[in-house]
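Following: one structure in structure tokens, then a few remarks.
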Amino acid sequence: MISLHNTLGGERQPFVPGDADRVTMYVCGPTVYGPAHIGNARPAVVFDVLARLLRRRYRLVYASNITDVDDKINQAAAEQGVPIAAVAQRWIRTWREDMAGLGVLAPDRQPLATEHVPQMISLVKSLLKSGHAYEAEGHVLFRVGAYAAYGELSGRNRDEQIAGARVEVAPYKEDPADFVLWKPSSDELPGWESPWGRGRPGWHLECSAMAREHLGDTIDIHGGGRDLIFPHHENEIAQSRCGHGAPLARYWMHNGMIRMGKSKMAKSRGNILTIRELRGKIPGEVLRLALLSARYRDPLEWTDELVATSRQRLDRLYRVLLDCAEDSREGGTPSPPGGSARTAEPSPELVRALEDDLNTPAALSVLAGEARKLRAGAVEPVAGAAALKAGGFLMGILQADPVQWFTAVESGPELTAEEIAARIGERARQRDVGDYAAADRIRDELAGRGVILEDGPQGTTWRRAAL
RNA sequence: GGCCAGGUGGCAGAGUGGCGAUGCAGCGGACUGCAAAUCCGUGGACGCCGGUUCAAUUCCGGCCCUGGCCUCCA
């Protein structure tokens, strides 16, 4: 049984799908106006693991949107003097590359906001018709006062919000808490014809319309960052519920924030690390493991140490896989039927950990235990390695060829395999004559360039170093 | 100020009403060139104050601290 922490209600609940033949999940995706940072990657990675887990039991339709119409995109285009669509396209491409680099499987649906404007307009129409929205100075606003349950997700009530008083109160709002569904566009801005004139949708509206279009009125799981609970998800709930009468989602899941030096990583704070720059020097799989090293609901502080530790954990796991591959090659053990990683089953302990509200740290611990047993020879290497890889697959790690893992050069002006071999040969001669000082100099030099040497009974091998 | 999450060993981070995960670092050992890498083994913890209980890090209450949200935000 899968249990999930539901923000709506604030407790862990058994997951019971509305329809086991069509489980639906929607996760808020990026607004494409610049490079995504590692914090943006957390929900994508976390819910990718959940998608993999759900697919073991159910048929899943997983949708994650891309917001390609937004004032920030317009602003970026104006600043750079390029067409708005060019900005969006460029960063959509980057986002997809980044996600692939982190081992995130493409969602079943990846709707673009600009391709769902008619659905948004029709949602606004029904909200107007039912009195949950009103027109004011070319805008259409949601009338928060008309929805009594407003605030149930975030645990706020309207009085508290008014007391907050930091909300900017546009003069045309009936109530400070009201939010924009549709706003007018000038000629230079992207816009669509609507009953309220040429305009563009408000951000909250997009997700309601796209989720409904692709997944139906009520979806099973709605995910996103914790910072979206209010107002984004609260507003989505209000729009959808008032628009078609059904609850938007049955389970709401929110991931914690990535922190950089004690505060949330955010573009507005300027403390971001983009996925692109990180991937330039660190394998995507290491980044992924780092993101999964804490429970998804908790905050995670991003540090060099976290990255280094993650790299070492992965190295250790791959080393076992490498040894297993060598053992079976030497021993001539034929691969048992069904022994491939694709068909092997992950261990029940690992599945149990993941099904317990996505306890990835515990799952990682299970993996480490399995690796230890394999190394100790307590498990048959081929089947054991296959099970290890199957568990890795659920978390989106450990799918690379172990030899490649240790020898692949990530980036920068690195040494070629030939150059490394030449240096190793030179060092071997020095060691033969007993000139260890010179040999160590070569070893240290290579270490400084990201190559670690290992002297074994069969001679010297090398692998790339952690950072 | 309001709402919501947390506070576990040197660090990261699970979990549990009584048998103290896991990773990194440290320490000991094996191997080795009294090297590096690797492998094996190992000590160490539950914010504070009360309460419930035979027994609490784990349940309850209060306090302190940290972070998030209340404006765009993964």
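Labels below follow one simple rule: chain letters A, B, ... track the order of the sequence lines, proteins then strands, and each chain is numbered from 1. Source: prediction; values computed, not measured.
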[X] vs [N]: side-chain N/O to OP1/OP2 distance below 4.0 Å:
{"X": "A/Arg372", "N": "B/rU22", "answer": "yes"}
{"X": "A/Arg313", "N": "B/rA25", "answer": "no"}
{"X": "A/Gln312", "N": "B/rA25", "answer": "yes"}

remark   = Taken in chain and number order and not counting sequence neighbours, the residues that satisfy ring pair (Phe, Tyr, Trp, His ring centres under 6.0 Å) with A/Phe15 are A/Tyr58, A/Tyr251
[X]: partners by salt bridge (charged side-chain N to carboxylate O under 4.0 Å, His left out), with sequence neighbours left out:
{"X": "A/Glu454", "answer": "A/Arg319, A/Arg463"}
{"X": "A/Lys267", "answer": "none"}
{"X": "A/Arg212", "answer": "A/Asp217"}
{"X": "A/Asp220", "answer": "A/Arg250"}

Under the salt bridge (Lys or Arg N to Asp or Glu O under 4.0 Å) rule, what pairs show up with a residue in [range], not counting sequence neighbours?
{"range": "residues 199-209 of chain A", "value": "A/Asp71-A/Arg200"}
{"range": "residues 94-108 of chain A", "value": "A/Arg55-A/Asp108, A/Asp98-A/Arg279"}
{"range": "residues 3-15 of chain A", "value": "A/Arg12-A/Asp356"}

query = For RNA chain B, which residues in residues 221-229 of chain A have a heavy atom at a distance below 4.0 Å?
reply = A/Gly224, A/Gly225, A/Arg226, A/Asp227, A/Leu228
For nucleotides 27-34 of chain B, list the nitrogen or oxygen atoms of the protein found under 3.5 Å from its nitrogen or oxygen atoms, one pair per line.
from	atom 1	to	atom 2	distance (Å)
B/rG33	O4'	A/Tyr436	OH	3.4
B/rG33	N7	A/Arg431	NE	2.9
B/rG33	N7	A/Arg431	NH2	2.5
B/rG33	O6	A/Arg427	NH2	3.0
B/rG33	O6	A/Arg431	NE	3.0
B/rG33	N1	A/Asp440	OD1	2.8
B/rG33	N2	A/Asp440	OD1	3.3
B/rG33	N2	A/Asp440	OD2	2.8

Under the 3.5 Å Watson-Crick or G-U criterion, the dot-bracket string of RNA chain B, with | for inter-strand pairs = (((((((..(((.....[...))).(((((.......)))))....(((((..]....))))))))))))....
Which nucleotide in the list [options] gets nearest to the side chain of [X]?
{"X": "A/Arg316", "options": "B/rA74, B/rC24, B/rG2", "value": "B/rC24"}
{"X": "A/Phe230", "options": "B/rA14, B/rC69, B/rC40", "value": "B/rC69"}
{"X": "A/Asn359", "options": "B/rA74, B/rC69, B/rA14", "value": "B/rA14"}
{"X": "A/Glu454", "options": "B/rG13, B/rC69, B/rA37", "value": "B/rA37"}
{"X": "A/Ala362", "options": "B/rC72, B/rU22, B/rA14", "value": "B/rA14"}
{"X": "A/Met257", "options": "B/rU22, B/rA74, B/rA37", "value": "B/rA74"}

ask   = Which part of the nucleic acid does A/His37 contact within heavy-atom distance under 4.0 Å: base, sugar-phosphate only, or nothing?
value = base
query = Pick the nucleotide of RNA chain B nearest each of A/Pro299 and A/Arg319; which residue has the one closer to the 5' end?
reply = A/Pro299
query = Of A/Arg297 and A/Pro43, whose nearest nucleotide on RNA chain B comes first from the 5' end?
reply = A/Arg297
request  = May I ask you to decide whether A/Glu234 forms a salt bridge with A/Arg156, counting only side-chain N to carboxylate O separations under 4.0 Å?
outcome  = no
query = Roughly how many Å is it from CZ in A/Arg259 to C1' in B/rG7, rounded to a whole number?
reply = 11 Å
remark   = Residues passing the side chain to side chain donor-acceptor pair (under 3.5 Å) test with A/Glu188, sequence neighbours excluded, are A/Ser186
ask   = Is it true that the side chains of A/His5 and A/His254 contain a donor and an acceptor less than 3.5 Å apart?
value = no
